[in-house]
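Quantities reported herein were computed from a predicted structural model and do not represent experimental measurements. In the text below, chain A, chain B and the rest are named by the order of the sequence lines, each starting its count at 1.
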Amino acid sequence: MNIRFWGDSALLVEVQDFRAARQLREMLLALAFTGIRELVPGYRSLLIEADPLTVDLAELARRLPQLTQQSMLLPAPRQQEIEVIYDGEDLEAVARATGLAVQEVIRRHAAAHYTVAFLGFAPGFPYLVGLDTTLRVPRLKTPRTRVPAGSVAIAGEFTGIYPQATPGGWRLLGHTDTCLFNPAQAPPALLAPGDRVRFRVRA
Amino acid sequence: MITLLEPGLFTSVQDGGRTGYSHLGVPRAGAADLLSLSHANLLVGNTPHAAALEMTLAGPDLRFEADTVMALAGGSVEARLDGAPVAMYQSVAVRAGQILRCGTVQTGMRCYLAVAGGIRSAQVLGSASTDTLAGLGPAALQAGAQLPIQAAALQQGFYLRSPPVFTDSVAMRVILGPHQDHFTPQALQIFLAAAFRVRADSDRSGLRLGGPSVARQIDDELDSQGMLTGAVQVPADGQPIVLLPNHGATGGYPVIAAVISADVPYLGQLRPGTRVRFHTVTRAQALDALAAEQQKWRVALTSADPGLLEARALMMLAKAHPALRAAQLQRGPVRVRMRRGP
């Protein structure tokens, strides 16, 4: 664990992986500290934002390592299945870049077991890990100005789903009609960090 | 109800934003300058982060459809109510049917109009904020928009002593890091020595700065991680971006420094062309500055009766409106006239 002070009001806690980030977040939520404003998990970090006049961040930073010594039972991960139509604009390009047939790209992408590492970039956008290592391709050099809502895409070690139409640089493999973010629902995001995800191919 | 007659350049409903959802990728959004939002609200008896109008560079024209109390705070405007100049930073009683023309923002970038009871717009995830980045909340306001408000009358009002002054050259206090190790020592020196300019492509998600390149010594981006308003990010081109409240919840550019909490609200008032310098303070100094700032505004809010508010308005208008030639105030038998030379 490496703790970086961020300005006067936050700590950036760098941890081993997204599981440790989630563990630390659940721990801090359970302790219900007053004055903590946001706990934002990243891929290998947790950002702790607090009211600096209420929370002594230096003291919190000293206590964090011992807090993580204690084990904490996390709720069992939820299983989610998402139906995908593999009709993405970048299927051919990904096939060329990986030396695989288009059908094989689809097969490998749909066969993997994914876990939601964290959400970010846009409301409800999940960063899923578990991508077949042969499917790792860099993001586009020049991002698209508009990626359609529901696009299922890959970049580096992640696969993700665009909940809304936004600019984006990931490679598009397909799309889903499943709604990933609805602010009228509680919780508003379909997926949460820790969820297990499988894709089901729809012809 | 308030009816928007002319929307201005970019007018939206803003409040304290969406807190507690950043782990789902939801931007905080809310007012770009939370201090001025608080000032406007406190002057009409609201809670600090009640929903109000945020206007940008060119303010709206609007009509009040009910008697209420309003206040303007933030970037300075030469607003007129049925043609009569309106003082900023105090409660102003308005009657149904009166038309407020806000005019252009003369100093600073954004001005806030609060009304007693707040604007009763629909909330999304606990906030009425317009978030154009994530597409949450209502769109920016168009002509004809109707904003529900609560009717109110002015018994006792407020004014703010020594309100903030926004200039076109500012020094922002920062604490280096958390990713200062991504930058060369020369880049850190350049960052702290240079004057940057706010570029025209800045928006509510961030101030894009132009100036000497702040070179990174690690070329890779970071793992995606949580971001904060006031973070000074540096993309590969070396031109810093200072995050404003509508920034994305996570990001991947290294953060060379963080603007201290006491100075963060003022970032929302930096207009394109403003010169910005950064200098470092310690964490202890930053916390002292924040406590002092909060105390300063607590004691600056002063209650006043309508007569005192009218007198203050005249004094303020005479000082602040360079274009103002004449003003007249009347209350009962007392009439005050003011005239400036050519």
Please tell me if the side chains of A/Arg37 and B/Thr19 come closer than 4.5 Å, counting only heavy atoms from C-beta onward. no

Is the shortest side-chain heavy-atom distance between B/Leu24 and A/Phe118 below 4.5 Å? no

Region of A/Leu39 in contact with chain B, defined by heavy-atom distances below 4.5 Å: backbone

What part of A/Leu47 is in contact with chain B, defined as an atom under 4.5 angstrom from a non-hydrogen atom: side chain, backbone, both or neither? side chain

More than 12 heavy atoms from other groups under 6.0 Å of CZ on A/Arg139: no

Take atom CD of A/Glu59 as the centre, draw a 6.0 Å sphere, and report whether it contains more than 12 heavy atoms from other residues, nucleotides or ligands. yes

Chain B contacts, top residue of A/Ser9, A/Ala189, A/Pro183 (heavy-atom pairs, under 4.5 Å): A/Pro183

With chain A, which of B/Pro178, B/Ala258, B/Pro27 has the greatest number of heavy-atom pairs at distances under 4.5 Å? B/Pro178

Answer yes when A/Asp8 and B/Arg283 have at least one side-chain N-carboxylate O distance shorter than 4.0 Å, and no when they do not. no

A/Arg63, CZ atom: more than 12 neighbouring heavy atoms under 6.0 Å: no

Segment of B/Val124 engaging chain A (4.5 angstrom heavy-atom cut-off): side chain

So, taking the atom named CG in B/Leu287 and the one named CG in A/Asp56, what distance separates them when rounded to the nearest 0.5 Å? 9.0 Å

Results of side chain to side chain donor-acceptor pair (under 3.5 Å) for A/His113 - residues two or more places apart only: A/Arg198

Please give me the minimum heavy-atom distance between B/Gly226 and A/Val40, naming the atom from each residue. CA-CG1, 3.8 Å

Tell me, side chain or backbone of B/Val255 under 4.5 Å from chain A's heavy atoms, or both, or neither? side chain

Surrounding OH of B/Tyr253 (heavy atoms of other residues, nucleotides or ligands, distance under 6.0 Å), is the total greater than 12? no

When the 4.5 angstrom heavy-atom criterion is applied to B/Leu222 and chain A, the contacting part is neither

Chain A shares the most heavy-atom pairs under 4.5 Å, among B/Ser261, B/Gly248, B/Gly135, with B/Ser261

B/Arg18 versus A/Glu38, closest heavy-atom pair with distance: O-OE2, 4.4 Å

A/Glu92 CD: over 12 foreign heavy atoms closer than 6.0 Å: no

Could you tell me which non-hydrogen atom of A/Pro41 sits nearest to which non-hydrogen atom of B/His23, and how far apart they are? CD-CB, 3.6 Å

For B/Met227 against A/Trp6, the heavy-atom pair lying closest together: SD-CH2, 3.8 Å

Are any of the side-chain heavy atoms of B/Ser224 and A/Ser45 separated by less than 4.5 Å? no

Measure the shortest side-chain to side-chain distance between B/His179 and A/Leu12 over non-hydrogen atoms and say whether it is less than 4.5 angstrom. yes

Check: A/Phe121 main-chain N/O paired with B/Thr250 side-chain donor or acceptor under 3.5 Å: yes

So do A/Glu49 and B/Arg28 actually touch side chain to side chain, heavy atoms under 4.5 Å? yes

Need one label for B/Asp288: side chain, backbone, both or neither, based on atoms under 4.5 Å from any heavy atom in chain A. neither

Expected output: side-chain B/Gln225 to main-chain A/Gly42 donor-acceptor under 3.5 Å: no

